[in-house]
Amino acid sequence: MSKEKDLRLSSILIRWYNRNKRDLPWRDTTDPYIIWISEIILQQTRVDQGYAYFTRFVKRFPSVDLLAQAEEDEVLKLWQGLGYYSRARNLHAAAKIVLEKYQGVFPQDYTDVLSMKGVGEYTAAAIVSFAYDQPHAVVDGNVFRVLSRIFAVEEPIDSTKGKKLFSQLAQELLDDKRAGLHNQAIMEFGALQCVPVSPDCNSCPASVMCLAYAQDKVNVYPVKAGKQKVRARFFNYFDVRYGDGYMLLHKRTAKDIWQGLYELPLIETAEAMSIEELHRTDSFRRIFENGDGLHIKYITQMKHILSHQAIHAVFYQVEVRKVSAVDGYIEVRASDVDEYPVSRLVHKYLEKM
DNA sequence: AACTCGGGGAG
DNA sequence: CTCCCAGAGTT
């Protein structure tokens, strides 16, 4: 016994979508690889921000085997500036697995897609519905917002209960016969019509069935419980120049921000420190113990804000006649530094120099 | 369940 | 400033 679905909302959203959708390149294909790339890029990222990255990425890596064969540094370089760099590392690792485990054929089974690194429930549903029209409902930030308003859901979207509740609700509302279209429609509706701040409910075709609108409580949904705090960190960067145009770089490998990216020699301190204080640290002595004719000059300081950290960075330029190899650092030609993937913070410094 | 992981744009 | 974006992984 299957109960007939109520597809009135789906019908409204699809009608709205057909009239208002943006023309986006990843909607012109059913190639799961292309759709996968677009979905990873768009995780926690606005279309406007990810668009150019998508274009460059699929131009350089038009197929999964070409991505799998690339060096991780090149993948990260293409990702530079976009943030959440684990997306790029996971994308690259997953491409290799597709090549080896699936002989280069992108998996079609939802569970197989879900098992890929960097692919969670949202992305798996997006890929199989857009590429194969399989009936899996997407639940992203847009869907949370649209459904929480229409049904006046009081459960916080960042709670385990809330996530389950919205998944079930989204799946109940899904038009199984046109899942891809339905999923595109509800997300685009959230992105353009049912926007986070002061949506234009007067022009909304779903306002007739929107409980939040009826109660004049559109601005209270979606309900969120979370509050994240920001950690302060102090980065002291040393732009070490020596010889005939050489400098030192270090690849971040720790489980921390910017994993896989390169940066200048760094001394992180628990609080702000003067250069005189830095001189006395073990880290300083380790980096510069073999420094001959050391000359340090203050260059600039920058405050770099992440969603969860506030980094206070100070940059110094260090001139030495010669440095011997220091463990963990690589020596590169200063003219080649643009080849290496770096954080926005380091990039902003480098482009000033 | 709570925490971590980027960067940018809108208001 | 605050919020949040086609979220996922780790602890």
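Please read all numbers here as calculations on a predicted model, not as lab measurements. So you know, we letter chains A, B, ... as the sequences are listed, proteins then strands, and number each from 1.
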>> Counting C-beta onward and ignoring hydrogens, is there a side-chain heavy-atom pair between A:Ile267 and A:Thr281 closer than 4.5 Å?
In response: yes
> Which nucleotide in the set B:dC3, C:dA6, B:dG7 lies at the smallest distance from any side-chain heavy atom of A:Gln49?
Replying inline: B:dG7
> Is the distance between the ring centroids of A:Tyr33 and A:Phe106 under 6.0 Å?
Replying inline: no
>> So A:Trp36, base contact, sugar-phosphate only, or nothing? Heavy-atom distance under 4.0 Å.
In response: nothing
> Over how many whole Å does the gap from A:Arg233 atom CZ to B:dT4 atom C1' extend?
Replying inline: 11 Å
> Starting at CG of A:Leu82 and ending at P of C:dG7, how long is that distance when rounded to a whole Å?
Replying inline: 12 Å
> Which part of the nucleic acid, if any, lies within contact of A:Arg46, taking any heavy atom under 4.0 Å across all strands shown: a base, the sugar-phosphate backbone alone, or nothing?
Replying inline: base
> How many Å lie between CG on A:Asn219 and P on C:dT2, as a whole number?
Replying inline: 19 Å
> Rounding to a whole Å, what distance do you find between A:His308:NE2 and C:dC4:P?
Replying inline: 18 Å
> Quick one: is the NZ or CZ of A:Arg333 closer than 6.0 Å to the six-membered ring centre of A:Tyr246, and within 45° of its axis?
Replying inline: yes
> Starting at the 5' end of DNA chain B and moving along, which residue's nearest nucleotide shows up first, A:Ser198 or A:Lys229?
Replying inline: A:Lys229
>> Working note: A:Lys217 + A:Glu154, criterion salt bridge (charged side-chain N to carboxylate O under 4.0 Å, His left out); need CA distance, chi angles, decisive distance, verdict.
In response: CA-CA 11 Å; A:Lys217 288 168 63 181; A:Glu154 298 290 344; 3.7 Å; yes
> Does the B:dC5 base have a donor-acceptor partner in the side chain of A:Arg87 within less than 3.5 Å?
Replying inline: no
>> Using the C1' atom as the point on both nucleotides, what is the distance between B:dC5 and C:dC5, in whole Å?
In response: 15 Å
> Can you find a side chain N or O atom of A:His304 that sits less than 4.0 Å from OP1 or OP2 on B:dG6?
Replying inline: no
>> Could you check whether A:Asp48 pairs with A:Arg46 (Lys NZ or Arg NE/NH1/NH2 to Asp/Glu carboxylate O, under 4.0 Å)?
In response: no
> Can you tell me how far P of C:dA8 sits from CD1 of A:Ile257, to the nearest Å?
Replying inline: 22 Å
> B:dC5 phosphate, OP1 or OP2: any side-chain N/O from A:Lys255 under 4.0 angstrom?
Replying inline: no
> Heavy atoms under 4.0 Å, any strand shown: does A:Gly81 hit a base, just sugar-phosphate, or nothing?
Replying inline: sugar-phosphate
> Does A:Trp258 place a side-chain N or O at less than 4.0 Å from the phosphate oxygens OP1/OP2 of B:dG7?
Replying inline: yes
> Given that A:Gly118 and A:Phe130 both sit by DNA chain C, which one's nearest nucleotide is further toward the 5' end?
Replying inline: A:Phe130
> Nearest to the side chain of A:Lys224 - B:dG6, C:dA8, C:dC4?
Replying inline: C:dC4
> Relative to each other, are the rings of A:Tyr340 and A:Tyr262 parallel, tilted or perpendicular (30° and 60° limits)?
Replying inline: perpendicular
> Between A:Leu114 (CG) and C:dA8 (C1'), how many Å, whole number?
Replying inline: 11 Å
> Within the pair A:Gln43 and C:dG7, is there a side-chain N or O less than 4.0 Å away from OP1 or OP2?
Replying inline: no
>> Over all strands shown, is A:Glu121 touching base, sugar-phosphate only, or nothing at heavy-atom distances under 4.0 angstrom?
In response: sugar-phosphate
>> Students often get this wrong, so: under 4.0 angstrom with heavy atoms, is A:Val143 touching a base, only sugar-phosphate, or nothing?
In response: nothing
> Heavy atoms under 4.0 Å, any strand shown: does A:Asp256 hit a base, just sugar-phosphate, or nothing?
Replying inline: sugar-phosphate
>> Looking only at the side chain of A:Val197 (C-beta and beyond, no hydrogens), which of the listed nucleotides C:dA6, B:dG11, B:dG8 gets closest?
In response: B:dG11
>> Over 60° means perpendicular and under 30° means parallel, so tell me whether A:Trp16 and A:Phe189 are parallel, tilted or perpendicular.
In response: perpendicular
> OP1, OP2 of C:dC5 versus side-chain N and O of A:Arg145: anything below 4.0 Å?
Replying inline: yes
>> Quick check on C:dC5: is either OP1 or OP2 less than 4.0 Å from any side-chain nitrogen or oxygen of A:Tyr84?
In response: no
>> Determine whether a donor-acceptor pair (one donor, one acceptor, N or O, separation below 3.5 Å) exists between the side chain of A:Thr45 and the base of B:dG6.
In response: yes
> Could one point to a donor on the side chain of A:Ser307 or the base of B:dG6 with an acceptor on the other under 3.5 Å away?
Replying inline: yes
> Once you round it to whole Å, what is the distance between P of B:dG7 and CG of A:Asp48?
Replying inline: 19 Å
> Does a side-chain N or O from A:Lys163 land closer than 4.0 Å to OP1 or OP2 of C:dG7, or not?
Replying inline: no
> Rounding to a whole Å, what distance do you find between A:Leu261:CG and B:dC5:C1'?
Replying inline: 12 Å
>> Counting only side-chain nitrogens and oxygens, does A:Gln309 get under 4.0 Å of the OP1 or OP2 atom of B:dC5?
In response: yes
>> Is the shortest side-chain heavy-atom distance between A:Tyr85 and A:Trp258 below 4.5 Å?
In response: yes
> A:Ser343 side chain: which of B:dG7, B:dC5, C:dA6 is closest?
Replying inline: B:dG7
> Between B:dC5, B:dG7, C:dA6, which nucleotide gets closest to the side-chain atoms of A:Arg344?
Replying inline: B:dG7
> Counting side-chain heavy atoms from C-beta on, which of C:dA6, B:dG7, C:dG9 comes nearest to A:Asn90?
Replying inline: C:dG9
> Say you pick atom P in C:dA8 and the same atom in B:dG8; how far apart are they, in whole Å?
Replying inline: 22 Å
>> Say we look at C:dC4 and B:dG6: how far apart would their C1' atoms be, to the nearest angstrom?
In response: 13 Å
